[in-house]
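One structure is given here, and the rest of the page talks about it.
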2 protein chains.
Amino acid sequence: MAHKVTILDIARLAKVSTTTVSRVLHNKPDVDPATRERILRIVEEQGFVPSITAAGLAAGRNPLISVLVPALTWPLIPELLLSVASVVESTSYEMVLYSISSSNHERDCGKIIDRILATRLTAGLLAVFPGQSSQHLTRLRRQGFPVVLIDDQSPPPEGIPWIGADNRRGAYEATRHLIELGHRRIAHIQGPLKYCVSHERYQGYCDALQEAGLEVDPSLVLEGDFMPAGGQRCALALLSRPISERPTAIFAASDYMAYGVIAAAETLGLRIPQDLALVGFDDNPASAHVRPSLTTVRQPVHAMGEQAIKLLLEMIEQEQMPRRRRQSMPATAEEPPREAPRLVLPTSLVIRESCGALQRHPSALLPEI
Amino acid sequence: MAHKVTILDIARLAKVSTTTVSRVLHNKPDVDPATRERILRIVEEQGFVPSITAAGLAAGRNPLISVLVPALTWPLIPELLLSVASVVESTSYEMVLYSISSSNHERDCGKIIDRILATRLTAGLLAVFPGQSSQHLTRLRRQGFPVVLIDDQSPPPEGIPWIGADNRRGAYEATRHLIELGHRRIAHIQGPLKYCVSHERYQGYCDALQEAGLEVDPSLVLEGDFMPAGGQRCALALLSRPISERPTAIFAASDYMAYGVIAAAETLGLRIPQDLALVGFDDNPASAHVRPSLTTVRQPVHAMGEQAIKLLLEMIEQEQMPRRRRQSMPATAEEPPREAPRLVLPTSLVIRESCGALQRHPSALLPEI
DNA sequence: TCTACTTTCGTAAACGATTACGGCAACGGT
DNA sequence: ACCGTTGCCGTAATCGTTTACGAAAGTAGA
């Protein structure tokens, strides 16, 4: 344990060359079963594990998978990382985390990608919710660098595989649920319009209203910020209208904003769900524990993370094949813009207290006045 | 951009040897200012960044800093990682994250550490709240591996630097605050007793009571689980006692458990803070937004992360010095058990609605009956 | 002019793997 | 006896750096 054991030590102990040891370590042919067995035993005895650094240098392989996330404190990000990490841990890759401070999003993102390219340590990049700054990613991708996108960006940049939740359908189901509970004046607090998901969820909201023959009242749709403060502000605006114009239900585009709605309702003395029905979006872990517990649209975080990382690993495998030695391919080998897979994963409606479905009969379709 | 530029390319362009280039890259002496300038310009032009892999191989240095966290979904972990990450990003290290699933804590921790040692990619380890399984860490440390501990483990394992919050004083201040508000029957919902922090916070609770001449009533101290469910269970037990024995205030050892207390109080029709004062511990980001907003003890997460990673970087620096070439030191060079620094960072009491201090006069010392 | 430094720089051997290529038996067929 | 295969294995170059050591040139003192 004191002196690090190298592949040369193993070779000497087994009285073979390092080539042979390397061969058995990679399950390659051209080695006698007996020899293989012997080497394997010695490797085991010595507790030898090849140095990834050296192996990477020699084989032109990189040991890291980089994950780019907006901020660890954003909802669902920890859950997503958890499932990504558990897959990565089953490989020989290590996972590094880059979180971009929201302040200088754009510049930061570019710098991080420069760093990823420069240090030449990462084999593939998983970008979560990159927001606007995805031209960096396409640049990366066009160089043949494996990249997978999660959650935002529709349409996703050319040639980059993309995995996300079915925001539109999720929002549709949430709104339809409120309609089925009898609500007719349903407000929607949107996310920031610079994010595509905000538009998608708004579309789903409209879908449900139109299906029910209700018209979309623009004065009932406000732009929030995905944060409690914005939700509270919008809710105060919506709920202080004259009672005949006041919405009886609110569909918030994020759970965080729904928390703000709860706060606003309490301020105004409105009870949830009796006086106001509320549905959120995301299903934060905390949403089961707020009062009242929040009915919300659950994002398939676990599946998203798992699918994304598996896809990325496949891409890395493929990338490895063509370039045995660097010189063998033409210098400007632009990848053919093969069509990139796009996975849209279904959400699910989690019914709790805030929508009122648990108090009244779920199938109550009568409008309340 | 197509062909990766190496140090040899730079050397050729500058008509010097790679040695000289290496020297200017590391700000070493023995190079003419004019040459240095020229090389620097060429490096800039070519956008050359040395391969960390190769450098690590040659210099015996490792490019990674590993951070071991219990679970990303634990409170304050994301915030902690954020501050750690921002420091790491200013260095040439990359940060890798290992989160251990709570199920097989012990075994998992050992496996991760084996992996860290085996891949030989990490220069130092930052272990957050390792709980019980720290014998692995001491094993690591005794081999001279840089390790820094955060948050749990008192006394920390020999020779491992340790950084944590002043749990005892934080709990003391929280409890004293409740006493100053006039409460006399103050209950305490502890964290799991297997964690040291639970005992420390309990001690702080006792300190405050004793200072005020109040005796510690064992029936008012219950063991929770740090989660909302446990807090709810304990609160229901405490609050369904006959009114003369029922606590008028509860100090919960975590914000999560305080959320459970809020739920329990609502179930029983008790208002917070009018009928029951409540103080938590941690200051989760959500605690400012729950209803009622939670008075709590804020952990100095940012400072803890920053201090810890800086300490770790220093240790790595020191570690590098003695071993220029591997052969130069005796095989079994156990580190002398130099005393390890231990930093205890102060907490701060965040006063919000749940303790009732905002309603009544803060200095009201009269006991309520 | 000779010696002793100092400044500046290059040579070449690591670091720990991977891998193209070639070599040597043994074997079977003709 | 000759040749082509096949199975097994080693030689040595390579990946992109770092660094111990020494060399060359200039400077200064004697």
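What you see below is based on every heavy atom in this structure, not just the backbone, and it leaves out hydrogens, waters and symmetry mates. Bear in mind the structure is a predicted one, so any value in this text is a computation, not a measurement. Numbers restart at 1 for each chain; the letters A, B, ... are given by sequence-line order, proteins then strands.
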Between [atom2] of [N] and [atom1] of [X], the distance in whole Å:
X	N	atom1	atom2	answer
A:Asp32	D:dG10	CG	P	11 Å
A:Ile39	C:dA17	CD1	P	14 Å
A:Lys28	C:dA17	NZ	P	15 Å
B:Leu57	C:dC15	CG	P	10 Å
A:Arg23	D:dG10	CZ	C1'	8 Å
A:Asp30	C:dT19	CG	C1'	12 Å
B:Leu8	D:dT17	CG	C1'	11 Å
A:Arg36	D:dC9	CZ	P	10 Å

Item to complete: Check whether any side-chain N or O of B:Arg120 sits under 3.5 Å from a backbone N or O of A:Ile52 as a donor-acceptor pair, and report yes or no.
Response: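 Side chain of B:Arg120 to backbone of A:Ile52, a donor-acceptor pair under 3.5 Å: no, none is there.
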Discussion item. Test your reading of the model: is there a side-chain donor-acceptor pair from A:Thr122 to the backbone of A:Gly124, 3.5 Å cut-off?
Written reply: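 Checking the backbone N and O of A:Gly124 against the side chain of A:Thr122, no donor-acceptor pair under 3.5 Å is found.
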Fill in: Residue whose closest nucleotide on DNA chain C lies nearer the 5' end, B:Ala54 versus B:Val16
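The residue closer to the strand's 5' end, by nearest nucleotide, is B:Val16.
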Discussion item. According to side chain to side chain contact (heavy atoms under 4.5 Å, CB included), who are the partners of A:Glu79, at least two apart in sequence or on a separate chain?
Written reply: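 Once residues adjacent in sequence are excluded, the partners of A:Glu79 under the side chain to side chain contact (heavy atoms under 4.5 Å, CB included) criterion are A:Leu76, A:Pro285, A:Val301, B:Thr73.
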Worksheet item: What does B:Ser22 touch in the nucleic acid at a heavy-atom separation under 4.0 angstrom: a base, only the sugar-phosphate, or nothing?
Response: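 Base contact.
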Worksheet item: What does B:Thr53 touch in the nucleic acid at a heavy-atom separation under 4.0 angstrom: a base, only the sugar-phosphate, or nothing?
Response: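 Nothing, no nucleic acid heavy atom in range.
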Worksheet item: Would you say a side-chain N or O of B:Thr6 is under 4.0 Å from OP1 or OP2 of D:dG16?
Response: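 No, because none of the side-chain N or O atoms of B:Thr6 sits under 4.0 Å from OP1 or OP2 of D:dG16.
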Worksheet item: Within less than 4.0 Å of OP1 or OP2 of D:dG16, is there a side-chain N or O belonging to B:Thr18?
Response: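 For B:Thr18, the contact criterion (side-chain N or O under 4.0 Å from OP1 or OP2 of D:dG16) is not met.
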Worksheet item: How far does the helix from C:dT1-D:dA30 to C:dT30-D:dA1 bend, going by the axes of its first and last five pairs, to the nearest 10°?
Response: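 Roughly 60° between the end axes, to the nearest 10°.
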[X] has a side chain; which of [options] sits nearest to it?
X	options	answer
A:Thr35	D:dT17, D:dC9, C:dC9	D:dC9
B:Pro33	C:dG10, C:dA17, C:dT8	C:dT8
A:Ala55	C:dT18, D:dC9, C:dC9	C:dT18

Worksheet item: Between A:Glu314 and A:Lys310, is the closest basic N to carboxylate O distance under 4.0 Å?
Response: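 Looking at A:Glu314 together with A:Lys310, the answer is no, because their closest N to O distance does not fall below 4.0 Å.
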Worksheet entry | Approximate separation, where rounding is to 0.5 Å, of A:Arg139 CZ and A:Leu117 CG |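 That separation rounds to 6.5 Å.
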Worksheet item: Roughly how far apart are A:Ile316 CD1 and A:Ile65 CD1, rounded to 0.5 Å?
Response: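 Result: 4.0 Å between the selected atoms.
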Discussion item. Would the base of D:dT19 count as contacting B:Thr19 through its side chain, where contact means a donor and an acceptor less than 3.5 Å apart?
Written reply: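 Present.
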Discussion item. Would you say A:Glu89 and B:Tyr98 are linked by a side-chain donor-acceptor pair, where the criterion is simply a distance under 3.5 Å?
Written reply: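 Side chains of B:Tyr98 and A:Glu89: no pair found under 3.5 Å.
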